[in-house]
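Working notes for the structure below.
The sequence lines fix the lettering, A, B, ..., with proteins before strands; numbering per chain opens at 1.
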There are 4 protein chains.
Amino acid sequence: MAGSGSDVPARSRWSAREAELLAITLQLLQQHGYDRLTVEAVATQAKASKATVYRRWPSKADLVLAAFIEGTRLTVVPPNTGSLRGDLLALGTQVCRQACEHGSTMRAVLNEMSHNPGLKEALQNEFVHQRRLVIDQVLADAVARGEADPAKFNDEIYDLLPGYLVFRSLLSAREPTDETVRILVDEVLLPILR
Amino acid sequence: MAGSGSDVPARSRWSAREAELLAITLQLLQQHGYDRLTVEAVATQAKASKATVYRRWPSKADLVLAAFIEGTRLTVVPPNTGSLRGDLLALGTQVCRQACEHGSTMRAVLNEMSHNPGLKEALQNEFVHQRRLVIDQVLADAVARGEADPAKFNDEIYDLLPGYLVFRSLLSAREPTDETVRILVDEVLLPILR
Amino acid sequence: MAGSGSDVPARSRWSAREAELLAITLQLLQQHGYDRLTVEAVATQAKASKATVYRRWPSKADLVLAAFIEGTRLTVVPPNTGSLRGDLLALGTQVCRQACEHGSTMRAVLNEMSHNPGLKEALQNEFVHQRRLVIDQVLADAVARGEADPAKFNDEIYDLLPGYLVFRSLLSAREPTDETVRILVDEVLLPILR
Amino acid sequence: MAGSGSDVPARSRWSAREAELLAITLQLLQQHGYDRLTVEAVATQAKASKATVYRRWPSKADLVLAAFIEGTRLTVVPPNTGSLRGDLLALGTQVCRQACEHGSTMRAVLNEMSHNPGLKEALQNEFVHQRRLVIDQVLADAVARGEADPAKFNDEIYDLLPGYLVFRSLLSAREPTDETVRILVDEVLLPILR
DNA sequence: TCATAAGCGAGACGGTACGTCGTGTCTTACG
DNA sequence: CGTAAGACACGACGTACCGTCTCGCTTATGA
C-alpha cells in the first residue's frame, strides 16, 4: 500500500549539545545571514569554544548546512487530508511557510552549495529526497482514491508546485500567498492530473 | 499596441572602464563563486587598484550585483517567433541558458540580497521588472494573434514558466532540459492560456 | 671684520603663490605633524591642485623641507646688542622661540632627513650654515670688543648654547626658559670664553 | 645615598614572543626608517601575522615606541668608574653610542611623539626618567668622594652633557667624537662642578 | 582680433600600507 | 579526557595617502 511509511523520519543523530549548537546557528543565520554569521558568535552564545564547534563540523559551511537540515527536517510531514486537493493545498502551504521561515538560510546554503560538491550531494540526499517521498505519497494516495490518473504523472515536472512556490519565496519579491497556492492547485495542477 | 517595442533595452550607464571591471568580476565570479572572489583579484586582473573599484561600488556585494545585472541585462530579448508556442519555448530556453550560465552569480547575489534591502530593491527594479516586460509582450502578441484568451491570464502566476525553470536551475539538482521546457509549455501553459 | 655683512639674507626665491603654498604647509605641519599632513590638504586649502604642488616640489618631504626653511629663514637675525652677554642671551632666546614655534616641523624634517641624503645635505647647507655664520659673528664682535679670548674658542662645541637649547626644546619635556638661557650664558659660556 | 642602587633595572614586562617582535621591529627600523617600516614586514619576518602584532600594540607608532624603549632600556648602566671624570667620560661615550645606534629610531619616535600625548608621557616616564637617575647617581657618588660641590649643581642644566651630545648625534651633521666628550667634560663640566 | 599654447583646478588612477575582522588550527589550564 | 578560553597564521576587507596622469578651462601672448 502506498505510504506504508517504512521510513521512520530518521531520528536526529545529534546529541543535545549538538542540537543546541545547531539551533543557535539557525537562529543567528536567520537574523544575520550567512556572511554575517560568525562561528565565534555561535560558540559564544552557546558558552562553548570554537574548537567545540569545529570538532563536530569541519567548516562553517558544514555547520550551516547541518543547522538548516536539522531545522527543516522536523517539519516534513505528509499532509494526508483525505483529498488530493486538500493534500496539495496543505503541501503548498507547508512549503510556503518553510521557505519563508528559513529563507535566508536556504539562500545561504544554496550559495555555498555552488562550489562545494559535498554540500550539494548532502543537500540532495537529506533534503530533496525527503520531499520527493512526500509528493510521491500524495499522488499515490490520490490514485488509490481514484482522484488522479497515473498516466498524467510527469516525472519532469513532478515538483512544479513546491518548485514554483520556492522560487516565489526565495527569488522573487512576491512572496506566495494562500491565493497563490489555490490558483496553482485549482487552475494548474488539478486539471492536469485528472 | 502589442509589440510596439518602444522600450529601447536601456543602454548601460557604465563607462568602458567600468564595464571592463564588471566583466572581469563576472568571470571570476563564475569561476570561483562569491566567497572566493576577491576585490583585489578583480583589480589586479584589470590592472587597476582596489581604490578604483571601491570608488564606483562601495562594497564587494555592490560590485557583484552590478556585475550580475550587467551580465544578464545584455541578454534580455523578446523572442517574437510568430507563435505563442514558439515564443514560450524560446523564452524558456533563454531562461535556462541564463540561469545555467550565471547560476553561481545568481545564488551569490540572492544570498547577499537577503540582508541588504538596497540590493534587494535594485535587483527588483533592474532585473525582475525587465523580465516581466518580456512576458507581458509575449502574451500581448499572442492575444493579438488570437492564440490566447486574456481572460485566462493570471497575474498571480504569470511567471510560472521562468519561475519553475529558475528553480530547477538554481535550487534543484535536476537542471532543466529542452524536454522540461516543452512539457511545461505543451502540457501546462498552453492548455491554460487557450 | 665684524658686521661686514656682505651676505644679503638671500631673498627668497619663491613666487607669491609658492610662498603661500609653503605657508599653508607650515601651518598644517605645526597643527598636525608630518605624518598627518597630506599634500591633498595643502592643495585644497590653497585652492590649488596636487599637481600644482608637485610641479614645484617633487615629494612631500621636499615640500615640507622647503616650508621649514622658508619659515625659519625669515627669523635669522644677528643680535648685535653691544655686549657679548647681551648677544648670547638674545641668541639663546631666539633659538628657544624658533625651536618652540617650529618644534613639530623640525622633528618631522629631522625624521625624514634620516633616510634622505638629499634632504640632509640641503638642510645642512641652508639651515645649519646660516646659524653658524651668526655665531661666528657674535664671537668675532666680542673679540673686537675685547670681551672674549679667541684662544678659548673651541670649534668642537661652538654650538653648545643653541645645541643644548634645541635639545631641550625638541627632545626633552622641559622646555627651556629665560632662566635656562641665563644660567647657560652666565655660568657656562662666559666663564669659558673669557 | 650614593650607590644605594635599590632600583633593579626594571625587568622587561614583555614575553619572549613580544621581545622577539620588538627586536625585529628595532632592526627593521634601523635599516629602513620609520616610514619605510611596515607592520607586515615585522610580522612576516617573525613568522607572525599582523593581528598578532596589533593585539599587543594598537598602532605602528606604539609598536615602534615600545621597540625603541626596549632597545635602549637594556643599555642604561651607571658607569661607576671610581672618579667623576671617568664617570662623565663613560656616560658621554655611552650616550654617543646609543644615540648613534638608535638615531633613526629616536628621530622617528620623536616625530610621532609630537602629536601623541600618550607616547610623549610614556617616553618621559620610561626613558628620560631612567637617564636622570643615572646622572643623579654619578653626581652623588662624586660628592661622596669629595670631587664635586653640591652647591654647584644646577637642576636647570643637569643634562647638559647628554643633551648636547644627543643634539650632536641626532640633529647636527657633526656626530660627536671622543674628543667632543673630552672637551665637554674637561673644559665645561669639571670646571663648573668643582 | 583671434588662435595657439602654457598653466591651472579638479580629480581619477595605480600602488601600497594601514588597521580590522573572520576562519580554522592549536595550546593551555581546568574539572 | 573533554572542554572553555583564547592565541595564532592567514588572508580579505575597506580606507587613506602618495605621486602620476589626463582632462577642460582659463589666461596671455603672437600673427
message = Tell me the interatomic distance from Arg36(B), atom CZ, to dC13(F), atom P, rounded to whole angstroms.
response = 13 Å

query = For His32(C) and dA16(F), what is the distance between atoms NE2 and P respectively, to the nearest whole Å?
reply = 16 Å

remark   = Closest to the side chain of Lys50(C), out of dC8(E), dG14(F), dA12(E), is dA12(E)

ask   = Hey, are the side chains of Trp57(A) and Val39(A) touching, using non-hydrogen atoms and a 4.5 Å cut-off?
value = no

Minimum-distance nucleotide (side-chain atoms of Tyr54(B) versus dA12(E), dC13(F), dC18(E)) = dC13(F)

task = Find which nucleotide of DNA chain F each of Lys47(A) and Leu37(C) is nearest to by heavy atoms, and output the residue with the more 5' nucleotide.
result = Lys47(A)

request  = Could you say whether Asp35(D) or Ala46(C) is positioned toward the 5' end of DNA chain E, judged by the nucleotide with the nearest heavy atom to each?
outcome  = Ala46(C)

ask   = Considering heavy-atom distances to DNA chain E, does Ala61(D) or Glu40(C) have its closest nucleotide positioned more toward the 5' end?
value = Glu40(C)

query = What nucleotide, of dC10(F), dC18(E), dA4(F), holds the atom closest to the side chain of Ser49(A)?
reply = dA4(F)

inquiry  = What I'd like to find out is whether the side chain of Thr38(B) reaches to under 4.5 Å of the side chain of Leu28(B), using heavy atoms alone.
reply    = no

query = What nucleic acid atoms does Leu63(D) come within less than 4.0 Å of, heavy atoms only: base, sugar-phosphate, or nothing?
reply = nothing

ask   = Taking the side chain as C-beta and beyond, is there a heavy-atom pair between His102(C) and Leu26(C) under 4.5 Å?
value = yes

request  = Taking only the side-chain nitrogens and oxygens of Arg56(A), find out if one of them lies under 4.0 Å from OP1 or OP2 of dT3(F).
outcome  = yes

ask   = If we only count heavy atoms from C-beta on, is the Leu22(C) to Trp14(C) side-chain gap below 4.5 Å?
value = yes

ask   = dA12(E) P sits how many Å from Trp57(B) CH2, rounded?
value = 14 Å

request  = Give a yes/no on whether any side-chain N or O of Arg17(A) is located under 4.0 angstrom from OP1 or OP2 of dA4(F).
outcome  = yes

remark   = Among the nucleotides dG22(E), dC18(F), dT3(F), whichever has the atom closest to the side chain of Thr38(A) is dG22(E)

Nearest-angstrom distance from the residue atom OH of Tyr34(D) to P of dA17(E) = 14 Å

task = Check whether any side-chain heavy atom of Arg107(D) lies under 4.5 Å from a side-chain heavy atom of Asn111(D), and answer yes or no.
result = no

ask   = OP1 or OP2 of dA4(F) sitting under 4.0 Å from any side-chain N/O of Thr52(A)?
value = yes

query = Counting side-chain heavy atoms from C-beta on, which of dT3(F), dC8(E), dC18(E) comes nearest to Arg55(C)?
reply = dC8(E)

Ala51(B), nearest nucleotide to its side chain (from dC18(E), dA16(F), dC18(F)) = dA16(F)

